[in-house]
Amino acid sequence: MANDLSLLSFDNAIFAAYAFYAVLLLMKMLLVQNVGIPLHRVFGNVYMTSEDYKAFAAFAPANGKANMKMAEKVELLRRICANDLENILPFCIIGLFYVLLNPPAAIALWHFRLYAATRFLHTFVYMCGMQPARFICFLPSALINCSMASQLLYALSAR
């Protein structure tokens with residue numbers, strides 16, 4: 001394990017890959033949270049507060065009733081956001097410490113690539129309501145986090 005901060009430099013291919021995939025996943029989270037949910041709320045007449053309803057009443061359908069299908073879609077997107085918070089943020093933290101181990105580049109890249117791919121696929125199958133595909137997409141990402149965390153614990157316990 002290297003003892004300098006050069007591992008946290010974009011000159012380090014492992015850190016650069018980690019940063020790319022972490023930012024990609026965080027951008028996915030932000031898009032769902034800051035674009036998907038508000039659009040579905042406003043155009044589906046689904047509001048969290050009476051202030052929101054007053055502010056966006058012009059977009060409400062003529063009958064003034066919320067569209068239940070849209071309300072379900074908003075809740076689905078909220079669950080996707082919660083799931084991302086529970087899974088992507090730990091990846092970002094564990095992954096950063098994992099970079100400091102200076103693991104073999106090929107192994108680290110596969111950890112990061114597979115994690116990002118399975119999280120994007122997980123979001124897609126979650127939106128489509130596909131089970132057990134959702135669990136099948138979740139499992140590799142959970143195992144990747146466990147793999148990186150166990151390597152960290154092993155390296156730290158050997159010190």
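This structure is a prediction, so every number in the text was calculated from the model and none was measured.
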At what distance, to the nearest 0.5 angstrom, does OH of Y126 lie from CG of L77? 10.0 Å

In this structure, OG1 of T123 is separated from CZ of R134 (nearest 0.5 Å) by 11.0 Å

Find the distance between CG (L24) and CZ (R119) and round it off to the nearest 0.5 Å. 13.0 Å

Y18 and F91 aromatic ring geometry - parallel, tilted or perpendicular at 30°/60° bounds: tilted

When you group the ILVMFWY residues by side-chain heavy-atom contacts below 4.5 Å and let the links chain together, are L139 and I94 in the same group? no

Atom pair CZ (F20) and CG (L109), whose distance is rounded to the nearest 0.5 Å: 11.5 Å

If you define the side chain from C-beta out and look only at heavy atoms, does anything of I14 sit under 4.5 Å from Y98? no

For residues F15 and F10, establish whether the separation of their ring centroids is below 6.0 Å. yes

Please report the shortest heavy-atom distance between L25 and A116, naming the atom on each side. CD2-CA, 3.9 Å

May I ask you to check whether over 12 heavy atoms, not counting those of F124, lie within 6.0 Å of atom CZ? no

Please examine the side chains of S147 and H111, heavy atoms only from C-beta on, and report whether any two atoms are closer than 4.5 Å. yes

d(K28 NZ, H122 NE2) to nearest 0.5 Å is 8.5 Å

Please tell me whether I88 and L143 are part of a single hydrophobic cluster in this structure, the criterion being side-chain heavy atoms less than 4.5 Å apart. no

Less than 4.5 Å apart, side chain to side chain, heavy atoms only: is that true for L26 and C92? yes

Is there a side-chain contact between E75 and R79 in this structure, where contact means two heavy atoms from C-beta onward sitting under 4.5 Å apart? yes

Where does the angle between the aromatic ring planes of F138 and F135 fall among parallel (under 30°), tilted (30 to 60°) and perpendicular (over 60°)? tilted

Can you tell if the side chain of Q33 reaches within under 4.5 Å of the side chain of D84, non-hydrogen atoms only? no

Would you kindly confirm whether L30 and L85 end up in one hydrophobic cluster when ILVMFWY residues are joined by side chain heavy atoms under 4.5 Å apart? no

Are M148 and L100 connected, step by step, through hydrophobic side chains (Ile, Leu, Val, Met, Phe, Trp, Tyr) whose heavy atoms are closer than 4.5 Å? yes

Can any side-chain N or O of N87 pair as donor or acceptor with the backbone N or O of N83 at less than 3.5 Å? yes

Non-hydrogen atoms of N145 and P90 that approach each other most closely: ND2-CB, 4.3 Å

What are the two closest heavy atoms between C137 and T118, and how far apart are they? O-CB, 3.5 Å

Would you say that I80 contacts M29 through its side chain, given a criterion of any heavy-atom pair below 4.5 Å between the two side chains? no

Path from L89 to Y21 over hydrophobic side-chain contacts below 4.5 Å: yes

Starting at CG of L101, measure out to CG of L7 and round the result to the nearest 0.5 Å. 9.5 Å

